[in-house]
Structures are given as structure tokens and as C-alpha cells.
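The basis for the numbers below is simple: all heavy atoms, side chains too, and nothing from hydrogens, waters or symmetry mates. Along the sequence shown, residues are numbered consecutively beginning with 1. As the structure lists them, so they are numbered: ligands from 1, and atoms in each ligand from 1. Predicted model, so just to flag it, every value in this text is computed and none were measured.
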Amino acid sequence: MNEVTKKLIDKLYNTSSLEEAEYLHLINNRTPEVTEYLRSLAVEVRKKHYGNKVYIRGLIEISNYCKNDCLYCGIRRSNKLVERYRLTEEEIISCAHVGYSLGFRTFVMQGGEDPYYTDERMCGIISEIKRNYPDCAVTLSLGERSRESYERLYSAGADRYLLRHETADSCHYSRLHPSELTLENRIDCLNSLKKIGFQTGCGFMVGSPYQTPENIAKDLKFVETFSPQMCGIGPFIPHKDTPFRDFDAGDAEFTCYLLSIVRLAVPTVLLPATTALGSILEGGRELGILSGANVVMPNLSPEDTRKKYSLYNNKLSTGAESAEKLTLLKEKIAAIGYEVVTDRGDAIKM
Ligand code: SAM
């Protein structure tokens, strides 16, 4: 291995920090040998903090209505071919009920930005889940809301909030989103969430249209400095009914390489092996875990809605990706030497 590259990896391992230009060096000098070295250190660090535990989150996709028009996303408002749905409060609670009996202790409510879910409605759902399952964590992934709204959701009992920053470069951001959405507001939201006290998650897509290695170096530096409790990194996958239909999907192995880097930059981060990663590569979920990830998010949504929450083509929602097949998931994870646990799986404080 190139001496400079090894020194940089050792610096990252020892200090959890690199300059943006140094991250760029790692991005541009990816070889099988470098990948393996990074991977082995990432696994060591993850094991130090979390042993061989893999945390599961029950994903409830509450609505595919969205007022936004992100160019990459299958449920963007301009996509008239989507069959829209939204779950009722009772349906959401019943998903949590099924999830609890399967062993889930975190429920992630994710959806498009659907104005139907007012603060009042969301707070009602959150407090009901917390009342029924006080030993569970509630994670929200409902996009950009006002600071006051985030405060209300937190007061109602929500513990965590996932809001990927998508890209830390404002020019790149403006190529992925319509002009009413800005990186500035996204970052303001993330800062508010953290200040309020949420365990907060940022993240980005790998291989999104127009993304450059410099953009990714910026993402890595952003993740390092923001120091989130969670970080969602998955490959971009085109959706046939979006303007990005003809772009290539991101690369699964490169995604795993970045997971290893993020594990070293934020050692205690809760890092999912995403559904997108599992969707583009057979065994992608396992490769993610072997690269430093420690979270998987099986789908708890009602079966008939899963196909409708189509962010990208060929999204997995059956097999080990579905909550009902937890035994299969456990077996697959056990086969690579890890253990799926029934645990809230909160982030460890450094
Ligand atoms: N509306 C909320 C938000 O904006 O954070 C949550 C739902 S949004 C659909 C969840 C994530 O899906 C986004 O943050 C984005 O990174 C990812 N996503 C959307 N379209 C995608 C695609 N075509 N390929 C891969 N990931 C995608």
C-alpha cells in the first residue's frame, strides 16, 4: 500500500479526523488492499464499542404523499404514476404492536413530507407508542419541519430523528433538488434537531447524479464535524419515473468503503447497512456489516403498502428485508459472525 495512504488511514484511526483533501486522497486511492485495511480497522473500532451486536429497527413507512419534488426520489410530488397511501394512526400503532412481539425495540416512522401528519397527529401517535411500549425508542424521518415542530415531537417522546443532508455541497444540492429546497435549511434543521436533544442522523447517497469525489470528501468532513449519532449512507438507485431515470446506480463496494471511513471518523456512530445497499448487491447488507455498519432496518409496514413506497427501482421489501422474516435475517447475520439483538440500541456517548 502507498505509504501516504497508510499514514492517512492510521491518522484517521488514531484521531478520528482528516482534512477534506485527505478524505479526497482516500477516495481517489481505493484499491483492494486499502479497502481491506480500512475495513479491518472499522470492524475493530465497531467491535470495541458495540461488540458483535447488530441492532434492528422496525421501519414503518407511514405515507408516500410528499409535497417535495426531489429529482431523485420515486415518491416526488410530480410523479403522477405513484399510487398514494397514508397509514392511519391505528395502522401505525398496529405495526408497532406486531414489531414489538417480533423483538423490535425501535420503531422508525418514515414518510414523504405529508402535511396530513400535523404536529398534533404525530404527537398523538408518538405518545401512544411510548405509552404502550415505554421500553422502545421512537425514531422519526419526516423531513424538514420548523424548530417548534421538532420541539413538540421531542416533547411527545420521540427519541431520534433521521434527516440525511443528502450532499454537503450547495451547488450539488441544487442539482438534486428544486430551488425551494436548500442545503442551508437542511443544515439548520439538523442543528436544531441536535440542539433539542434528538439522537440525530445525517447521511448521503453514493453515486447520486453529478456527484464528484470532491463532493464526497465534503460529505465525509461534514459527517466528521457534525458528529451525528446515526448516519445513513446508501447508493443512489434510479427510479424509472423520475428525471434521473437514465443515470447509473451508485456502487455497492464504494458505499461500503465509505461506511468504513465513517466508522473511523465517528467511532460510536450507529451505521445502517441500508436497504438500498441490500437492493443493488446480493449480500450487500452483510458486506455493509463487515465494513463497519451495525444497524439494519427491516420493513414493518403493512405488506400491501410496501410496493407503493417506491423510492427507487427494485427496492427490497421481502425476504430478510421484511420484519416477518426476522429469523432469516438473524441466520444471515449469524453466518457472518454477528448477532441480531432485541435492544433499543442507543448511541454510546463518547
Ligand atoms: N421525506 C424524508 C426526508 O426527506 O428526509 C424521509 C423520506 S426520504 C424518501 C428518505 C431517503 O431516501 C432520502 O433521504 C434519500 O437519501 C433516500 N432516497 C430517495 N430517493 C432515492 C433513490 N433514488 N436512491 C437511493 N436513495 C434514495
Side-chain angles (χ1 to χ4, degrees), residues 57 59-79 82 84 86 108-117 122 139-145 149-150 153 160-168 172-173 176-178 180-183 185-190 193 198 200-211 215 219 223 228 230-252 254-255 258 272-281 284 297 299 301 305-306 308-317:
R57 320 301 196 194
L59 181 63
I60 309 174
E61 296 160 333
I62 66 171
S63 169
N64 69 356
Y65 282 90
C66 192
K67 65 178 164 66
N68 290 335
D69 220 15
C70 307
L71 278 81
Y72 45 84
C73 186
I75 60 168
R76 64 199 300 264
R77 70 160 186 264
S78 297
N79 185 2
V82 179
R84 304 283 172 177
R86 58 171 67 97
V108 182
M109 287 184 266
Q110 189 184 84
E113 289 194 22
D114 180 355
Y116 172 84
Y117 294 97
M122 274 322 299
T139 304
L140 302 175
S141 177
L142 302 171
E144 298 175 19
R145 299 170 83 104
S149 169
Y150 288 146
L153 302 174
R160 310 185 187 132
Y161 205 104
L162 298 171
L163 184 75
R164 290 186 178 182
H165 65 280
E166 310 296 359
T167 169
H172 186 218
Y173 197 93
L176 300 181
H177 300 95
E180 66 268 20
L181 296 175
T182 63
L183 177 61
N185 194 49
R186 200 86 178 164
I187 303 294
D188 280 352
C189 288
L190 279 167
L193 289 164
F198 280 102
T200 305
C202 63
F204 59 94
M205 286 179 289
V206 179
S208 60
Y210 315 113
Q211 187 181 54
N215 294 155
D219 285 321
V223 172
M230 306 165 288
C231 186
I233 300 174
F236 160 76
I237 306 176
H239 185 290
K240 64 180 179 32
D241 303 317
T242 65
F244 290 162
R245 64 180 67 83
D246 295 326
F247 282 87
D248 289 335
D251 182 83
F254 184 39
T255 303
L258 296 174
T274 59
T275 305
L277 181 58
S279 298
I280 55 163
L281 179 73
M297 298 169 66
N299 202 318
S301 312
T305 64
R306 288 183 196 174
K308 298 179 195 157
Y309 197 80
S310 169
L311 309 180
Y312 44 81
N313 291 340
N314 307 318
K315 178 170 164 264
L316 287 185
S317 64

Engineer: So is Ala276 close enough to ligand 1, meaning a heavy atom under 4.0 angstrom away?
Structural biologist: no
Engineer: Per the side chain to side chain contact (heavy atoms under 4.5 Å, CB included) rule, which among Leu59, Ile60, Ile62 passes with Val108?
Structural biologist: Leu59
Engineer: For Tyr309, state whether at least one heavy atom is located under 4.0 Å from any atom of ligand 1.
Structural biologist: yes
Engineer: Might you check, step by step, whether the distance between atom 11 (C) of ligand 1 and some protein heavy atom is under 4.0 Å?
Structural biologist: no
Engineer: At what distance is the nearest protein heavy atom to atom 18 (N) of ligand 1, and which residue and atom is it?
Structural biologist: Met205 SD, 4.2 Å
Engineer: Do ligand 1 and Tyr72 have nitrogen or oxygen atoms that lie under 3.5 Å from each other?
Structural biologist: yes
Engineer: May I ask you to decide if Cys66's main-chain N or O and Arg76's side chain share a donor-acceptor pair within less than 3.5 Å?
Structural biologist: no
Engineer: Keeping the roles fixed (side chain from Arg186, backbone from Arg164), state whether a donor-acceptor pair exists under 3.5 Å.
Structural biologist: yes
Engineer: Looking only at heavy atoms, what is the nearest atom pair of Tyr150 and Gly143, with distance?
Structural biologist: OH-O, 2.9 Å
Engineer: At a 4.0 Å cut-off, with the gap strictly under it, does some heavy atom of Pro238 reach an atom of ligand 1?
Structural biologist: no
Engineer: In terms of residue, atom name and distance, what is the protein heavy atom nearest to atom 17 (C) of ligand 1?
Structural biologist: Arg164 NH1, 3.9 Å
Engineer: Hey, is Glu166 touching ligand 1 through its side chain, its backbone, both or neither, going by heavy atoms under 4.0 Å?
Structural biologist: side chain
Engineer: Would Pro235 count as a contact of ligand 1 if the rule is a heavy atom under 4.0 Å away?
Structural biologist: yes
Engineer: Of the non-hydrogen atoms in Thr275 and Tyr312, which two are nearest, and what is the gap between them?
Structural biologist: C-OH, 3.6 Å
Engineer: Does the protein place any heavy atom closer than 4.0 Å to atom 26 (N) of ligand 1?
Structural biologist: yes
Engineer: Quick check: are there more than 12 heavy atoms from other residues, nucleotides or ligands sitting under 6.0 Å from CG of Asn185?
Structural biologist: yes
Engineer: In terms of side-chain heavy atoms, does Asp69 have a donor or acceptor partner in Ser78 at a distance below 3.5 Å?
Structural biologist: yes
Engineer: Does at least one non-hydrogen atom of Gln110 fall below 4.0 angstrom from an atom of ligand 1?
Structural biologist: yes
Engineer: Show the nearest heavy-atom pair for residues Arg84 and Asn64, with the distance to one decimal.
Structural biologist: NH1-O, 2.5 Å
Engineer: Under 4.0 Å, counting heavy atoms only: does Arg186 come that close to any atom of ligand 1?
Structural biologist: yes
Engineer: So which of Gly111, Gly250, Gly203 gets nearest to atom 6 (C) of ligand 1, if we judge by its closest heavy atom?
Structural biologist: Gly111
Engineer: Does any N or O of ligand 1 fall below 3.5 Å from an N or O anywhere on Ser141, backbone included?
Structural biologist: no
Engineer: Which atom pair, heavy atoms only, marks the closest approach of Asp251 to Ile280?
Structural biologist: C-CD1, 4.3 Å
Engineer: Report the nearest protein non-hydrogen atom to atom 9 (C) of ligand 1: residue, atom name, distance rounded to 0.1 Å.
Structural biologist: Leu311 CD2, 3.4 Å
Engineer: Taking atom CG as the centre, does Asp248 end up with more than 12 heavy-atom neighbours from other residues, nucleotides or ligands that are less than 6.0 angstrom away?
Structural biologist: no
Engineer: Could you find the nearest protein heavy atom to atom 22 (C) of ligand 1 and give me its residue, atom name and distance?
Structural biologist: Ile237 O, 3.5 Å
